[in-house]
Amino acid sequence: MGPDSINLLQTSTRVHFSGLHLNGLEGRDSKIGQPTTSTENAPRQPFIIGVAGGASSGKTTVCNMIIDQLHDQRVALVNQESFYYDLTDDEMSLVHEYNFDHPDAFDTENLLFCLENLKSGKVIDIPNYDFRAHKSILPSRKVNPADVIILEGILVFHDHRLRDLMNMKIFVDTDADLRLSRRIRRDTLEKGRDIKAVLDQYSKFVKPAFDDFILPTKKYADIIIPRGGDNHVAIDLIVQHIHTKLGQHQLCKIYPNLNVIHSTFQIRGMHTIIRDAQTSKHDFIFYSDRLIRLVVEQGLGHLPFKEKQVVTPTGSVYTGVDFCKRLCGISVIRSGESMENALRACCKGIKIGKILIHREGDNANISKLA
Ligand SMILES: Nc1ncnc2c1ncn2[C@@H]1O[C@H](COP(=O)(O)OP(=O)(O)O)[C@@H](O)[C@H]1O
Ligand SMILES: Nc1ccn([C@@H]2O[C@H](COP(=O)(O)O)[C@@H](O)[C@H]2O)c(=O)n1
């Protein structure tokens with residue numbers, strides 16, 4: 001762990017305070033929200049999160065909790081286990097001798113190829129790995145580009161090329177006895193394996209590989225989560241951090257006084273409708289008006305106000321604010337006057353002036369007529 005770590009958790013082996021470490025994260029995700037050429041149409045770089053940890057440490061559980069809390073973001077989950085090499089017939093006949101916990105068991109080149117494509121906004125096909133057959137089966141899984149990509153697996157920090165793609169690295173740190181008991185339960189109940197085979201595999205391959213390959217990658221983590229999915233504080237903080245990074249809109253980097261309205265499913269839904277070539281004129285106007293109303297409400301929220309006390313019907317004093325007086329709106333003629341209705345609806349009795357901006361002749365002189 002670097003000297004610039006922010007320690008927020010307590011475990012037995014390190015000096016932490018409450019549940020997670022942020023290892024110099026702040027300055028590193030510079031790829032996110034960075035202006036490229038310009039603005040709206042420039043594809044936003046996805047925020048890539050790596051989640052590593054021992055088998056059955058709770059990686060998938062943590063990922064699902066993060067995804068649940070990132071409800072208004074597009075998230076793609078990629079499992080390293082989808083990239084296991086298929087076993088040959090010879091390997092299949094000696095499956096109990098096969099080390100599924102060694103870095104060479106994974107097709108890392110294909111994983112890198114897929115991740116890079118996903119990062120650059122392409123739809124990818126991910127193999128569909130069958131743990132019973134020990135090979136991929138058809139059909140493969142299509143994964144669409146997303147704002148957040150989560151790569152989860154026991155050895156996702158092993159290859160530096162994968163690590164270099166990640167904006168945030170999380171290590172799920174769960175006691176070995178808990179990992180083993182969960183594994184026994186999962187492999188016997190869900191994968192139909194017998195307990196002796198599970199224990200043999202554990203002592204022969206799983207435990208040594210954890211010590212030799214997985215645990216040594218813990219040092220690359222920005223965040224170490226003890227107790228996995230039970231650690232709600234850590235997950236809340238991670239989600240907050242991702243929201244902050246994603247909220248840094250491209251345009252805000254260029255215009256620091258620009259306020260971008262926080263996106264919700266409602267807002268994205270309305271944008272989808274007004275962008276759809278099939279949308280009727282009536283619906284276009286209806287949903288544009290709703291969006292404009294949000295912009296007007298948001299804009300009004302930035303106007304000055306002063307404190308005001310009122311007496312409520314029950315006789316108590318409520319300290320609130322008074323909207324600023326003497327507001328007027330200026331409507332730019334020929335822009336469709338599209339914001340006038342929303343402004344009138346939000347500000348009772350507001351006076352609205354008109355301004356016409358027009359060009360005289362070909363010499364591009366602009367006159368304003370009010
Ligand atoms: N905090 C938890 N409490 C109880 N069971 C859990 C917890 N986290 C995970 N599990 C269970 O342990 C097993 C392995 O968890 P999972 O999240 O799939 O781990 P991994 O992805 O690291 O293998 C699953 O059956 C899961 O339901
Ligand atoms: N055919 C296979 C492939 C992998 N394993 C085991 O899965 C573990 C990794 O998956 P997690 O979801 O637990 O991270 C790993 O320990 C492999 O031993 C397997 O048993 N069979």
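All values derive from a computational prediction rather than experimental measurement. Just follow the structure's listing: the first ligand is 1, and inside any ligand the first atom is 1. Note that these values count all heavy atoms, side chains included, but never hydrogens, waters or copies made by symmetry.
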Inset, instruction - Would you check if the distance from the ring center of H271 to the ring center of Y287 is below 6.0 Å? - result: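 So the answer is no for these two rings.
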
Legend entry - Where ligand 2 meets D101 - atom numbers and elements under 4.0 angstrom, heavy-atom basis: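 It comes down to these atoms of ligand 2: 15 (C), 16 (O), 17 (C), 18 (O).
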
Legend entry - Contacting atoms of ligand 2, where contact means under 4.0 angstrom from a heavy atom of S56: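 Near S56, the atoms of ligand 2 are 13 (O).
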
Legend entry - ligand 2 versus Y84: contacting region, heavy-atom distance under 4.0 Å: side chain

Legend entry - ligand 2-proximal atoms of H102, by part, heavy-atom distance under 4.0 Å: neither

Heteroatom proximity flag, [X] to ligand 1, N/O under 3.5 Å:
{"X": "D230", "result": "yes"}
{"X": "G58", "result": "yes"}
{"X": "E190", "result": "no"}

Inset, instruction - Measure the CD-CG distance between E109 and L111 for me, rounded to the nearest 0.5 Å. - result: 9.5 Å

Inset, instruction - Could you tell me whether the side chains of R293 and Q298 share a donor-acceptor contact shorter than 3.5 Å? - result: no

Inset, instruction - Decide whether D236 and Q69 meet the rule of one side-chain donor and one side-chain acceptor closer than 3.5 Å. - result: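 The criterion, which ignores hydrogens and geometry beyond distance, is satisfied for Q69 and D236.
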
Using a 4.0 Å cut-off to any heavy atom of [X], which atoms of ligand 1 qualify?
{"X": "S56", "answer": "14 (C), 19 (O), 20 (P), 22 (O), 23 (O)"}
{"X": "R186", "answer": "18 (O), 23 (O)"}
{"X": "G54", "answer": "22 (O)"}

Inset, instruction - Ignoring hydrogens, tell whether any protein atom lies closer than 4.0 Å to atom 7 (C) of ligand 1; use the non-hydrogen atoms only. - result: yes

Legend entry - Sub-4.0 Å protein heavy atom near atom 27 (O) of ligand 1: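 No, because not a single protein heavy atom sits under 4.0 Å from atom 27 (O) of ligand 1.
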
Checking [X] side chain against [Y] main chain: does a donor-acceptor pair fall under 3.5 Å?
{"X": "N167", "Y": "I48", "answer": "yes"}
{"X": "K207", "Y": "K204", "answer": "no"}
{"X": "D159", "Y": "R161", "answer": "yes"}

Inset, instruction - Nearest heavy atom to atom 11 (P) of ligand 2 wins, so pick from Q80, R186, R183. - result: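 Residue with the shortest heavy-atom distance to the ligand atom: R186.
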
What protein heavy atom lies closest to [atom]? Include the residue and the distance to one decimal.
{"atom": "atom 12 (O) of ligand 2", "result": "E81 OE1, 3.1 Å"}
{"atom": "atom 2 (C) of ligand 1", "result": "R182 NH2, 3.3 Å"}
{"atom": "atom 7 (O) of ligand 2", "result": "F131 CE2, 3.8 Å"}
{"atom": "atom 14 (O) of ligand 2", "result": "K59 NZ, 2.8 Å"}

Legend entry - Y129 N/O under 3.5 Å from ligand 2 N/O: yes

Inset, instruction - Report yes if D187 has an N/O atom closer than 3.5 Å to an N/O atom of ligand 2; otherwise report no. - result: no

Using the side-chain contact (heavy atoms from CB on, under 4.5 Å) definition, which of the options [options] pairs with [X]?
{"X": "C114", "options": "V143, I124, L151, D125", "value": "I124"}
{"X": "F83", "options": "T108, I126, L112", "value": "I126"}
{"X": "I149", "options": "L77, L165, L115, I49", "value": "L115"}

Inset, instruction - Using the side-chain hydrogen bond (donor to acceptor under 3.5 Å, both in side chains) rule, take R186 and S56 through it: C-alpha gap first, then chi angles, then the decisive distance, then the call. - result: CA-CA 9 Å; R186 190 181 61 180; S56 299; 3.3 Å; yes

Legend entry - Exercise: identify the closest heavy-atom pair between S82 and Y129: CA-CB, 4.0 Å

